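Take a look at the structure set out below.
What you are looking at is a predicted structure, and each value in this text was computed from that prediction instead of being measured. We use all heavy atoms of the structure for the numbers below, so side chains are in, but hydrogens, waters and symmetry mates are not.
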Amino acid sequence: MSRAAAPLASTALMTVTFARAAGVKSIVVCTPAGRDGRVNPVLLYALKVAGATEIYRVGGIQAIGMMAYGTRTVRKVQKIVGPGGPYVTAAKRQVYGYVALDLVAGPSEIAVLADDSADPRHVAADLLSQAEHGRGWRKPCS
């Protein structure tokens, strides 16, 4: 995976903040980097504010494997949480039981109902909030 579909600042705040509030001392975060090798600055700021203690520029199934099994330089984690596309979901299924998971989630759906009084920027933001779930989860019905 070369880069995230969207900088998931809200997801970072939700997961890391809850872990911090629950008393988790070491919070490891993995996120894909952009083509330039950098993490989106909005996401990086959100992670730092929320209390992430380690941030790695790796995403997708590689991140799941790294966190579940550890490497020479990265310790194995106790629990993996957070969203991902179909490959991440499949990887989470593979490590289930070896490491604790939040859940093996599928796609989410959203309906935005708006009339001509709605601010188009707010409608677009509601639709973009689901960009983290990627595309291609579902094949069209025939």
Least distance between heavy atoms, Ala9 atom then Val42 atom: CB-CG1, 4.1 Å

Sort out for me which residue in Lys25, Lys48, Arg75 forms a salt bridge (Lys or Arg N to Asp or Glu O under 4.0 Å) with Glu54. Arg75

Using a cut-off of 6.0 Å, state whether more than 12 heavy atoms not belonging to Tyr69 lie near its atom OH. yes

Let me see the working for Val99 and Met67 under side chain to side chain contact (heavy atoms under 4.5 Å, CB included), right down to the final yes or no. CA-CA 9 Å; Val99 65; Met67 290 186 290; over 6 Å; no

Heavy-atom donor-acceptor pair, Lys92 side chain to Leu101 backbone, under 3.5 Å: no

Would Val28 and Ile55 count as a side chain to side chain contact (heavy atoms under 4.5 Å, CB included) if you check the C-alpha gap in whole Å, the side-chain angles of each, and the deciding distance to 0.1 Å? CA-CA 6 Å; Val28 175; Ile55 303 169; over 6 Å; no

Thr17 side-chain N/O to Ala50 backbone N/O, donor-acceptor pair under 3.5 Å: no

What closest approach, in Å, do Val95 and Ala68 show between heavy atoms, and which atom pair accounts for it? CG1-CB, 3.6 Å

Separation of Leu44 CG from Thr31 OG1 (nearest 0.5 Å): 9.0 Å

Working to the nearest 0.5 Å, report the span between CG of Leu43 and CZ of Arg38. 13.0 Å

Any idea which heavy atoms bring Thr89 and Gly84 closest together, and the distance? OG1-O, 3.8 Å

Just by modelled atom types, is the Gly82 backbone N or O under 3.5 Å from a matching donor or acceptor in the Asp102 side chain? yes

Any link between Tyr96 and Ile80 through a network of hydrophobic side chains (Ile, Leu, Val, Met, Phe, Trp, Tyr) touching at under 4.5 Å? yes

Between Val58 and Cys30 the two heavy atoms that sit nearest each other are O-CB, 3.2 Å

Should the pair Lys76 and Tyr98 be classed as cation-pi, given the thresholds of under 6.0 Å to the six-membered ring centre and 45° from the axis? yes

Cluster question for you: counting only ILVMFWY and a side-chain heavy-atom cut-off of under 4.5 Å, with indirect links fine, are Leu13 and Val24 together? no

Of all heavy-atom pairs between Ile61 and Ala91, which one has the smallest distance, and what is that distance? CG2-CB, 3.6 Å

Ignoring hydrogens and geometry, is there a side-chain-to-backbone donor-acceptor pair from Arg20 to Gly51 under 3.5 Å? yes

Heavy-atom nearest pair, Arg57 first then Gly37, reads NH1-O, 2.7 Å

Given the rule in the side chain to side chain contact (heavy atoms under 4.5 Å, CB included) test, do Val74 and Tyr56 qualify, once you have shown the distances and angles that lead to the verdict? CA-CA 9 Å; Val74 178; Tyr56 296 98; 3.7 Å; yes

State yes or no: do Ile64 and Val104 share one hydrophobic cluster built from I, L, V, M, F, W and Y residues joined by side-chain heavy-atom distances below 4.5 Å, directly or via other members? yes

